[in-house]
Amino acid sequence: QLQLVESGGGLVLPGGSLRLSCVASGLTVDGYSIGWFRQVPGKKREGISCISISDGKTQYADSVKGRFTISRDDAKNTVYLQMNSLKPEDTAVYYCAADPICVASPYEYDYWGQGTQVTVSS
């Protein structure tokens, strides 16, 4: 069974930066894509970025394009989400997830981490 663990969340001022990590264990993530999602209470889980492990191709939601960057370290089975120019509306629980291909819908993903809280506030 593939396990995913997110880390790196916390409290940051508007305009600040955080880097989230998603570490996979149990099975290799070869053949999967890793997506980042976020969710606040009462709202839909939103897909914000995805990376293909096989070829490194990336995707971003319009809401984060130009501010967030997804990357991977295959030797560590780790995917990162660098978040810059953070805004209060970025406040959410952030999750990583694995699926054979990058798709926007969270319903398509097979494996999920427990989430890490990001709070952007002055």
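Sequential numbering from 1 along the given sequence is applied to the chain's residues.
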Practice item. Flag yes if more than 12 heavy atoms outside Gln114 fall under 6.0 Å of its CD atom; otherwise flag no. Key: no

Review point. Can you find a heavy atom in the side chain of Pro100 that is under 4.5 Å from one in the side chain of Asp110?
Key: yes

Point to revise | Flag if over 12 foreign heavy atoms under 6.0 Å of NZ, Lys76 | key: no

Practice item. Report whether Ile70 and Leu18 are members of the same hydrophobic cluster (ILVMFWY, side-chain heavy atoms less than 4.5 Å apart, transitive linking). Key: yes

Review point. Are Phe37 and Ile48 connected, step by step, through hydrophobic side chains (Ile, Leu, Val, Met, Phe, Trp, Tyr) whose heavy atoms are closer than 4.5 Å?
Key: no

Check your understanding: Are the side chain of Tyr109 and the backbone of Cys96 linked by a donor-acceptor contact shorter than 3.5 Å?
Key -> no

Exercise for review: Report yes if the side chains of Gln117 and Leu11 come closer than 4.5 Å at any heavy-atom pair, otherwise no.
Suggested key: no

Review point. OG1/Thr78 to CG/Leu20 distance, rounded to the nearest 0.5 angstrom?
Key: 12.5 Å

Exercise for review: Mind listing the closest non-hydrogen atom pair of Pro14 and Ser122 along with its distance?
Suggested key: CD-N, 3.8 Å

**Study point:** Hydrophobic cluster membership, Phe68 vs Tyr80, 4.5 Å side-chain cutoff
**Key:** no

Exercise for review: Report the C-alpha separation of Asn84 and Ser17 in whole Å, then their side-chain angles, then the decisive distance to 0.1 Å, and conclude whether the side-chain hydrogen bond (donor to acceptor under 3.5 Å, both in side chains) test is met.
Suggested key: CA-CA 4 Å; Asn84 298 325; Ser17 298; 2.8 Å; yes

Exercise for review: Starting from the C-alpha separation in whole Å, work towards a yes-or-no answer on side-chain contact (heavy atoms from CB on, under 4.5 Å) for Val79 and Arg72.
Suggested key: CA-CA 4 Å; Val79 171; Arg72 74 188 197 277; 4.1 Å; yes

Review point. Are Glu46 and Ser63 close enough that a side-chain donor and a side-chain acceptor fall under 3.5 Å?
Key: yes

Check your understanding: Side-chain heavy atoms under 4.5 angstrom apart, residues restricted to Ile, Leu, Val, Met, Phe, Trp, Tyr: same cluster for Leu81 and Val23?
Key -> no

Check your understanding: Mind checking whether Cys22 and Ile34 have side chains closer than 4.5 Å, heavy atoms only?
Key -> yes

Check your understanding: How far apart are the closest heavy atoms of Cys102 and Ser52, and which atoms are they?
Key -> SG-N, 4.2 Å

Review point. Should Val118 and Tyr60 be regarded as members of a common hydrophobic cluster, given that ILVMFWY residues are connected when their side-chain heavy atoms come within less than 4.5 Å of each other, either directly or indirectly?
Key: yes

Exercise for review: To the nearest 0.5 angstrom, please state how far the CD atom of Glu6 sits from the OH atom of Tyr94.
Suggested key: 12.5 Å

Exercise for review: Using atom types as modelled and distance alone, determine if a side-chain donor or acceptor of Ser49 lies under 3.5 Å from a backbone N or O of Gln59.
Suggested key: yes

Study note, to complete from the structure: dist Leu4:CG -> Ser25:OG (nearest 0.5 Å) comes out at 7.5 Å

Point to revise | Stepwise side-chain contact (heavy atoms from CB on, under 4.5 Å) check, Ile51 with Trp36 | key: CA-CA 9 Å; Ile51 186 167; Trp36 283 98; over 6 Å; no

Review point. Any side-chain heavy-atom pair from Arg38 and Asp90 closer than 4.5 angstrom?
Key: yes

Review point. Using the ring of each side chain (for Trp, its six-membered ring), is Tyr32 parallel, tilted or perpendicular to Tyr111, with breaks at 30° and 60°?
Key: perpendicular

